[in-house]
Engineer: 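Input: one structure, supplied below.
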Amino acid sequence: MEKAMVRQLVQDNDRYNEKQIVVNGWIRSNRDQKSFGFISLNDGTHFDSIQVVYEKEFLSNFDEVASLGAGAAVTVRGIFVQTPQARQPFEIKAAEIILEGDSPKDYPIQPKRHTREFLRELAHLRPRTNLFSAVFRVRSLLTFAIHKFFQERGFIYLHSPIITANDAEGAGELFRVTTLDPKNPPIAEDGQVDYSADFFGKKTNLTVSGQLEAEVFALAFRNVYTFGPTFRAENSNTARHAAEFWMIEPEVAFADLQDNMRLAEEMMKFMISYILENAAEEMEFFNKFVDKGLKERLQNIVNAEFERITYTRAIEILKESKQKFEYPVEWGKDLQTEHERYLTEKAFNKPVFVTDYPKEIKAFYMRVNDDKKTAAAMDLLVPGVGEIIGGSQREERAEVLEKRMEEFNIEKEALWWYLDLRKYGGAKHAGFGLGFERAVMYITGVNNIRDVIPFPRTVNTCEF
RNA sequence: UCCUCAGUAGCUCAAUGGUAGAGCAAUCGGCUGUUAACCGAUAGGCUGUAGGUUCGAAUCCUACCUGGGGAGCCA
């Protein structure tokens with residue numbers, strides 16, 4: 001007798017036809033009648049559940065089985081049969097059903113629609129629902145797709161540090177990492193906490209970006225990427241911010257902003273294609289219940305050219321739009337969410353790269369353009385999610401970089417190694433950061449970041 | 001952090017100043033192919049918390065708590 005997973009039964013159902021098999025799983029629903037009943041059994045290996053038919057005639061514990069509710073774990077032995085005339089493609093005619101673990105009647109997941117807010121409070125049970133089963137399978141596949149994309153192109157995967165002393169990046173509020181006693185920290189002569197007595201002998205925090213370290217590796221391996229957790233202690237309360245999230249940060253030596261955008265576009269298209277191909281059931285589900293038109297939209301994106309406009313052109317488009325914006329449109333000011341949404345959703349209705357922002361509103365490491373007014377930055381905006389990628393060509397000229405650091409009040413001493421990259425064999429290079437969760441949101445149509453992270457961490461929330 | 005909306009049965013929602021209700025889930029019963037099964041019955045409530053207004057508050061007012069949406073910050 002063969003133990004089978006539903007995934008195998010789906011992929012290879014001819015081989016199993018009329019064979020006796022054993023499956024394990026959890027009951028999604030149980031519909032019993034006088035002398036027979038049906039169980040929808042999900043074993044976690046496949047999005048769809050499998051139907052188990054049981055009859056009083058063949059089951060000694062029929063009454064027990066008939067009384068089982070949603071959530072119970074069972075082992076089923078029986079014959080696998082194809083049922084092409086029925087609504088389900090195949091089913092198992094049970095010869096034996098063994099209860100592995102009962103699920104009492106207060107099991108909160110019912111065979112009905114639940115709100116995402118309710119399920120968020122049940123992060124330990126929500127993976128057993130259709131929606132989250134689909135989301136987290138896609139999340140896993142997308143992780144693989146990203147590695148596949150970069151590995152096939154010879155990129156080196158670099159584990160940038162999670163604990164860092166680097167607080168000069170200006171990418172947000174930091175989570176302090178310390179072993180000092182918060183009630184009784186050592187005090188230095190100046191009356192401040194003496195971090196030289198801390199574990200690392202200096203102030204340390206969780207990383208907000210692996211970019212600076214990625215630059216180090218890019219100037220040794222040429223093509224590299226990081227893919228790991230990132231932490232921001234911002235008091236952000238939105239559907240697209242979390243305190244702990246994952247980021248992909250490719251960095252390429254001898255590349256300019258154009259190369260950077262080409263890579264970003266290629267990567268996005270690869271990710272989307274991979275999921276459309278390898279998560280057909282899940283994408284069908286999202287298309288039907290989460291975001292009608294999702295599949296068509298994604299398919300169009302794979303085939304379309306991403307729009308590329310400069311910041312200056314974006315300002316012109318916004319001004320010409322005659323649209324009423326809450327925030328004024330003016331060259332020199334950063335684009336607001338409403339502006340970005342207009343550009344990607346109304347003006348072009350597809351992903352849009354916006355490049356060459358005024359250098360004052362962008363980070364110190366972004367390369368200053370020849371006009372001396374703008375920096376070689378690029379943001380990728382996508383409909384529904386907004387900014388999904390932020391990147392730039394890096395400033396490789398030591399003297400320009402140092403001047404920029406002075407303007408931004410950044411301690412040069414702490415980043416001596418970063419400056420060394422320009423001193424020894426400096427080369428032009430470029431890279432970007434992709435918010436992994438935002439990519440999952442974009443591809444699944446799920447519009448809250450808390451629903452694409454297994455156990456989301458946000459302000460005031462760290463249950464589970 | 002700011003703006004805004006909402007907290008009523010396990011879940012999703014009604015009840016707009018005058019006796020708190022439905023569907024689903026649960027429990028019991030019926031049903032020989034169901035598939036968000038169906039049909040009948042039963043049970044289920046200090047209306048987020050604390051004050052206040054009123055003869056009377058789920059409903060009006062104040063504060064707090066929790067959650068949603070939007071904004072800022074960003075990925």
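The chains referred to below are lettered A, B, ... by the order of the sequence lines, with proteins before strands, and numbering in each begins at 1.
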Engineer: Taking the side chain from A/Asn260 and the backbone from A/Gly431, do they hold a donor-acceptor pair closer than 3.5 Å?
Structural biologist: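 Answer holds: yes.
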
Engineer: Output yes when at least one side-chain N/O atom of A/Gln336 is less than 4.0 Å from OP1 or OP2 of B/A71, else no.
Structural biologist: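 No, A/Gln336 has no side-chain N/O under 4.0 Å of OP1/OP2 on B/A71.
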
Engineer: Answer yes or no: is there an ion pair linking A/Glu437 with A/Arg240, defined by an N-O contact shorter than 4.0 Å?
Structural biologist: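 Result for this pair is no, no salt bridge flagged.
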
Engineer: OP1 or OP2 of B/G72 versus the side-chain N and O atoms of A/Thr337: is any pair under 4.0 Å?
Structural biologist: yes

Engineer: Scan nucleotides 65-68 of chain B against the protein and return all N/O pairs shorter than 3.5 Å with their distances rounded to 0.1 Å.
Structural biologist:
unit_1 : atom_1 : unit_2   : atom_2 : d
B/G68  : OP1    : A/Arg120 : NH1    : 2.7

Engineer: Report yes or no: is there a donor-acceptor pair, N or O only, under 3.5 Å between the side chain of A/His241 and the base of B/C74?
Structural biologist: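 Between B/C74 and A/His241, which were checked side chain against base, a qualifying N/O pair under 3.5 Å is present.
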
Engineer: Quick test of your reading of the model: are A/Asp451 and A/Arg126 salt-bridged, counting only N-O distances below 4.0 Å?
Structural biologist: yes

Engineer: When you measure only distances, ignoring hydrogens and angles, does the side chain of A/Asp32 come within 3.5 Å of the base of B/U34 through a donor and an acceptor?
Structural biologist: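 Checked by distance alone, the answer is no.
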
Engineer: Which nucleotide in the set B/A71, B/C74, B/U34 lies at the smallest distance from any side-chain heavy atom of A/Gln33?
Structural biologist: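 Minimum distance to the A/Gln33 side chain belongs to B/U34.
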
Engineer: Quick check: any donor-acceptor pair below 3.5 Å linking the side-chain of A/Ser236 to the base of B/C73?
Structural biologist: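 A donor-acceptor contact between them is present.
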
Engineer: Rounding to a whole Å, what distance do you find between A/Met441:CE and B/C74:C1'?
Structural biologist: 13 Å

Engineer: Could you check whether any side-chain N or O of A/Glu213 sits under 3.5 Å from a backbone N or O of A/Pro161, counting only pairs where one atom can act as donor and the other as acceptor?
Structural biologist: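 No; zero donor-acceptor contacts below 3.5 Å.
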
Engineer: Is it true that a side-chain atom of A/Arg404 and a backbone atom of A/Tyr365 form a donor plus acceptor pair closer than 3.5 Å?
Structural biologist: no

Engineer: Measure the distance from NZ on A/Lys333 to P on B/C73 and round it to the nearest whole Å.
Structural biologist: 12 Å

Engineer: So which nucleotide from B/U12, B/U1, B/U34 ends up closest to the side chain of A/Asn235?
Structural biologist: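 From the listed options, B/U1 comes nearest.
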
Engineer: Provide, to the nearest angstrom, the distance between the CZ atom belonging to A/Arg116 and the C1' atom belonging to B/U12.
Structural biologist: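 That distance rounds to 15 Å.
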
Engineer: Where does the angle between the aromatic ring planes of A/Phe155 and A/Phe150 fall among parallel (under 30°), tilted (30 to 60°) and perpendicular (over 60°)?
Structural biologist: tilted

Engineer: Is there a side-chain polar atom (N or O) of A/Arg113 under 4.0 Å from OP1 or OP2 of B/G23?
Structural biologist: no

Engineer: Just wondering, more than 12 heavy atoms not from A/Arg113 lying within 6.0 Å of its CZ?
Structural biologist: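 12 or below, so no.
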
Engineer: Hey, can you tell me if A/Phe227 and A/Trp246 have their rings parallel, tilted or perpendicular (30° and 60° cut-offs)?
Structural biologist: perpendicular

Engineer: Would you say A/Lys346 has more than 12 foreign heavy atoms packed within less than 6.0 Å of its NZ?
Structural biologist: no

Engineer: Just the rounded figure in Å: distance from C1' of B/G69 to CG of A/Asn447.
Structural biologist: 10 Å

Engineer: How many Å lie between CZ on A/Phe38 and P on B/U34, as a whole number?
Structural biologist: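 Those two atoms, CZ and P, are 7 Å apart.
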
Engineer: Assign each of A/Glu91 and A/Pro108 to its nearest nucleotide of RNA chain B by heavy atoms, then name whichever residue's nucleotide is nearer the 5' end.
Structural biologist: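 In this pair, the answer is A/Pro108.
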
Engineer: Looking at A/Arg313 and A/Asp356, is any side-chain nitrogen of the basic one under 4.0 Å from a carboxylate oxygen of the acidic one?
Structural biologist: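 Result for this pair is no, no salt bridge flagged.
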
Engineer: Output yes when at least one side-chain N/O atom of A/Ser35 is less than 4.0 Å from OP1 or OP2 of B/U32, else no.
Structural biologist: no

Engineer: Any side-chain heavy-atom pair from A/Tyr442 and A/Met268 closer than 4.5 angstrom?
Structural biologist: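 Side chain of A/Tyr442 against side chain of A/Met268, heavy atoms only: contact under 4.5 Å found.
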
Engineer: In whole Å, what is the span from the CD atom of A/Glu55 to the C1' atom of B/U34?
Structural biologist: 12 Å

Engineer: Could you pull out the protein-nucleic contacts involving nucleotides 5-8 of chain B (nitrogen or oxygen on both sides, under 3.5 Å)?
Structural biologist:
none

Engineer: Once side-chain hydrogen bond (donor to acceptor under 3.5 Å, both in side chains) is applied, do any residues pair with A/Glu407, and if so which ones, sequence neighbours excluded?
Structural biologist: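 Once residues adjacent in sequence are excluded, A/Glu407 has no partner under the side-chain hydrogen bond (donor to acceptor under 3.5 Å, both in side chains) criterion.
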
Engineer: Of all the nucleotides listed (B/G33, B/A71, B/G70), which has the minimum atom distance to the side chain of A/Arg240?
Structural biologist: B/A71

Engineer: If only side-chain N and O atoms count, and only distance matters, is there a donor-acceptor pair under 3.5 Å linking A/Arg77 with A/Thr75?
Structural biologist: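 The answer is no; no qualifying pair exists.
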
Engineer: Which heavy atom of A/Arg28 sits nearest to which heavy atom of A/Ala70, and what is that distance?
Structural biologist: O-CB, 3.6 Å

Engineer: May I have the distance from A/Tyr327 (atom OH) to B/G70 (atom C1'), rounded to whole angstrom?
Structural biologist: 10 Å

Engineer: Strictly under 3.5 Å: I want the nitrogen or oxygen pairs between protein and nucleotides 24-27 of chain B, one per line.
Structural biologist:
unit_1 : atom_1 : unit_2   : atom_2 : d
B/A25  : O4'    : A/Gln110 : OE1    : 3.4

Engineer: Without decimals, in angstroms, what is the distance between A/Leu381 CG and B/C74 P?
Structural biologist: 14 Å

Engineer: With distance as the sole criterion, do the side chain of A/Gln88 and the base of B/U34 form a donor-acceptor contact below 3.5 Å?
Structural biologist: yes

Engineer: Centre-to-centre under 6.0 Å for A/Phe436 and A/Phe245, is that the case here?
Structural biologist: no

Engineer: Classify the side chain of A/Gln51 versus the base of B/U34 as yes if they form a donor-acceptor pair under 3.5 Å and no if they do not.
Structural biologist: yes

Engineer: Starting at the 5' end of RNA chain B and moving along, which residue's nearest nucleotide shows up first, A/Trp246 or A/Ser40?
Structural biologist: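 It is A/Ser40 whose nearest nucleotide is closer to the 5' end.
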
Engineer: When you check the gap from the basic side-chain N to the acidic O, do A/Glu281 and A/Arg137 get nearer than 4.0 Å?
Structural biologist: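 The answer is no: the pair does not qualify as a salt bridge.
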
Engineer: Would you write the dot-bracket representation of RNA chain B, where each base gets (, ), [, ], | or . depending on whether it forms a Watson-Crick or G-U pair under 3.5 Å and with which partner?
Structural biologist: (((((((..((((....[..)))).(((((.......))))).....(((((..]....))))))))))))....

Engineer: Using a cut-off of under 3.5 Å, enumerate the N/O to N/O pairs linking the protein to nucleotides 41-50 of chain B.
Structural biologist:
none

